[in-house]
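Beneath this line is the structure, given in structure tokens, with notes to follow.
Numbers restart at 1 for each chain; the letters A, B, ... are given by sequence-line order, proteins then strands. Predicted model, so just to flag it, every value in this text is computed and none were measured.
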Amino acid sequence: MALVLAPTDPLDAWFSDLDEVARRSPGFFGGRAIIVDLSAIRLSKAELKKLVGSLHERDIRVMGIEGADPAMLDLGMPPSVNGGRPAGAIEAPNATTAPVPPPAPAKTLLVETSVRSGQSILHADGDVTIVGSVASGAEVVAGGSIHIYGTLRGRAIAGCTGDARARIFCSKFEAELISIDGLYKTADDLGPAFRGLAVQVNLDGDSIILKTFD
Amino acid sequence: MAKVLVVTSGKGGVGKTTSTAALGAALARSGDKVVVVDFDVGLRNLDLVMGAERRVVFDLINVVQGDAKLAQALIRDKRLENLSILPASQTRDKDALTDEGVARVLADLREKFDWVICDSPAGIERGATLAMRHADLAVVVTNPEVSSVRDSDRIIGLLDSKTEKAERGERMEKHLLLTRYDPGRAERGEMLKTEDILEILSIPLLGIIPESEEVLKASNVGAPVTLNNPDSAPGRAYFDAARRLKGETVEMSIPSDRKSLLGKIFGRRAA
């Protein structure tokens with residue numbers, strides 16, 4: 001599945017919105033197949049190059065461009081796409097356009113810092129590994145499992161896209177809320193039994209099961 | 001008839017959240033149904049002071065955006081069953097609050113409770129203006145120092161111009177709550193005098209809350225000071241303020257914690 005970005009005028013404002021999304025959810029764009037839809041704006045060839053460059057600086061890799069004249073896309077640029085299929089403005093008999101590369105496989109998002117209060121890590125396509133702690137008031141949302149090598153004080157929401165086999169692992173458990181596949185428990189429901197311990201959480205039917213590693 | 005009360009100040013750190021929790025608990029103690037609503041989206045604290053942080057699942061933003069029902073987000077206090085809290089979100093920002101959404105949530109809360117107490121964020125930006133916008137009356141929390149008084153003056157101006165009540169041409173009821181008041185320092189002239197503050201702000205005085213370690217003690221155990229130690233000086237002062245809010249006439253006094261005999265003798269150092 002590819003994510004479509006549709007830049008709008010003025011571009012500066014659009015980029016600051018984009019940066020805001022990236023700041024709130026670090027890793028949101030990482031490893032995703034991104035297609036840029038240019039139907040809302042008119043750009044010269046140089047401006048388009050600059051736009052792709054600016055996205056690249058933000059670690060956003062553009063896999064294809066939709067709504068642009070193929071004449072504007074030379075060899076150094078991402079290929080043109082239209083509804084997932086390569087398309088040209090005029091059907092020239094020997095025009096060859098590169099096919100859209102397949103979307104990147106689901107992979108783990110590695111976060112090498114602590115997640116501060118108010119930050120939200122969202123990674124719907126796989127596991128999240130945090131080399132650090134998750135503070136009270138922070139949340140980690142993953143399509144797969146969540147691995148936290150520090151203390152979990154905030155919220156961990158695993159299997160958010162419907163994966164009941166997802167698990168939550170942490171070196172020290174002080175969570176405010178844990179959830180797997182939409183089922184959740186608050187710290188108050190869990191009581192003090194597992195506080196401060198190394199814990200793994202999994203789902204057994206409709207019950208959330210906590211186990212220590214000892 | 002339900003009343004929506006906003007606790008606001010302009011300046012940060014003057015005691016809005018403490019006062020929201022303490023007044024909410026005091027009003028609930030008197031038998032009224034009370035909800036305290038945290039409007040400080042992104043920097044929520046009311047849940048901690050109320051001791052509800054381990055039970056938060058949904059929050060104000062979820063309800064405003066229609067992701068959760070109001071009943072799912074309300075947390076009932078464990079000590080007083082007629083006291084509830086609606087927490088703020090820590091991971092979102094204030095732009096997620098919409099005027100229509102807030103109006104709808106407050107209208108729903110009005111039907112369920114006697115008092116809806118909104119804990120405003122500091123500042124005069126979106127969160128603060130939305131918290132005060134639909135209020136019937138305001139408690140302006142002020143410390144006896146010049147910067148706090150000036151910021152309160154600014155907020156009073158906003159209360160008189162940017163609220164629904166003001167726009168309808170009605171008068172917003174405003175009360176001054178003087179917090180962190182130190183009688184000793186006031187006597188030595190190291191703090192603004194109450195009369196001077198009242199003259200500058202010219203709104204009626206709701207109460208004077210003395211500076212006390214009981215306030216810090218209470219927030220550290222996650223309880224409003226009016227529940228944790230109702231007989232302490234700040235506890236009594238908040239109970240008096242709550243009675244005044246309900247329309248009772250209570251003589252204005254500054255409660256103090258009993259000092260030891262030595263403290264009384266050597267209470268003041270000669271100038």
Side-chain angles (χ1 to χ4, degrees), chain A residues 13 16-28 111 114-123 128 130 133-142 151-157 160 173-180 182-196 208 210, chain B residues 12 17 38-63 65 67-69 71-81 83-97 119 121-123 125-127 219-223:
Chain A
S16 70
D17 286 350
L18 188 77
D19 288 339
E20 180 65 14
V21 172
R23 189 187 61 74
R24 274 203 306 249
S25 313
F28 182 77
V111 179
S114 285
V115 187
R116 298 282 177 185
S117 186
Q119 284 184 326
S120 174
I121 306 280
L122 171 68
H123 183 60
V128 175
I130 313 262
S133 295
V134 177
S136 163
E139 66 181 10
V140 180
V141 184
T151 308
L152 169 59
R153 298 192 180 88
R155 296 176 163 207
I157 296 155
C160 71
F173 184 84
E174 287 175 18
E176 287 171 341
L177 180 141
I178 47 172
S179 164
I180 297 175
L183 293 160
Y184 67 82
K185 277 199 168 179
T186 63
D188 208 53
D189 302 330
L190 294 164
F194 289 92
R195 282 204 84 175
I208 286 181
L210 274 76
Chain B
T17 304
D38 195 347
F39 269 83
D40 206 347
V41 178
L43 286 170
R44 72 166 195 227
N45 276 329
L46 188 59
D47 55 328
L48 288 171
V49 177
M50 296 288 294
E53 78 279 8
R54 295 163 66 76
R55 295 196 284 151
V56 176
V57 180
F58 298 108
D59 54 54
L60 176 64
I61 302 279
N62 296 136
V63 181
Q65 298 191 332
D67 298 332
K69 292 203 181 72
Q72 291 177 296
L74 284 172
I75 303 172
R76 184 168 287 186
D77 190 87
K78 284 190 169 174
R79 298 150 293 214
L80 289 173
E81 65 149 24
L83 175 64
S84 295
I85 167 175
L86 183 56
S89 167
Q90 180 80 342
T91 50
R92 310 293 289 274
D93 60 41
K94 287 165 179 105
D95 298 335
L97 287 175
D119 182 21
E125 312 330 312
R126 189 179 177 79
S219 20
N220 281 342
V221 297

- request: Could you go through the side chain to side chain contact (heavy atoms under 4.5 Å, CB included) check for B:K78 and A:D188 one step at a time?
  value: CA-CA 11 Å; B:K78 284 190 169 174; A:D188 208 53; 2.9 Å; yes

statement: Looking only at B:R55, B:R44, B:Q90, B:R54, most heavy-atom pairs under 4.5 Å shared with chain A are made by B:R54

- request: For residues B:V57 and A:T186, report the shortest heavy-atom separation together with the two atoms involved.
  value: CG2-CG2, 3.1 Å

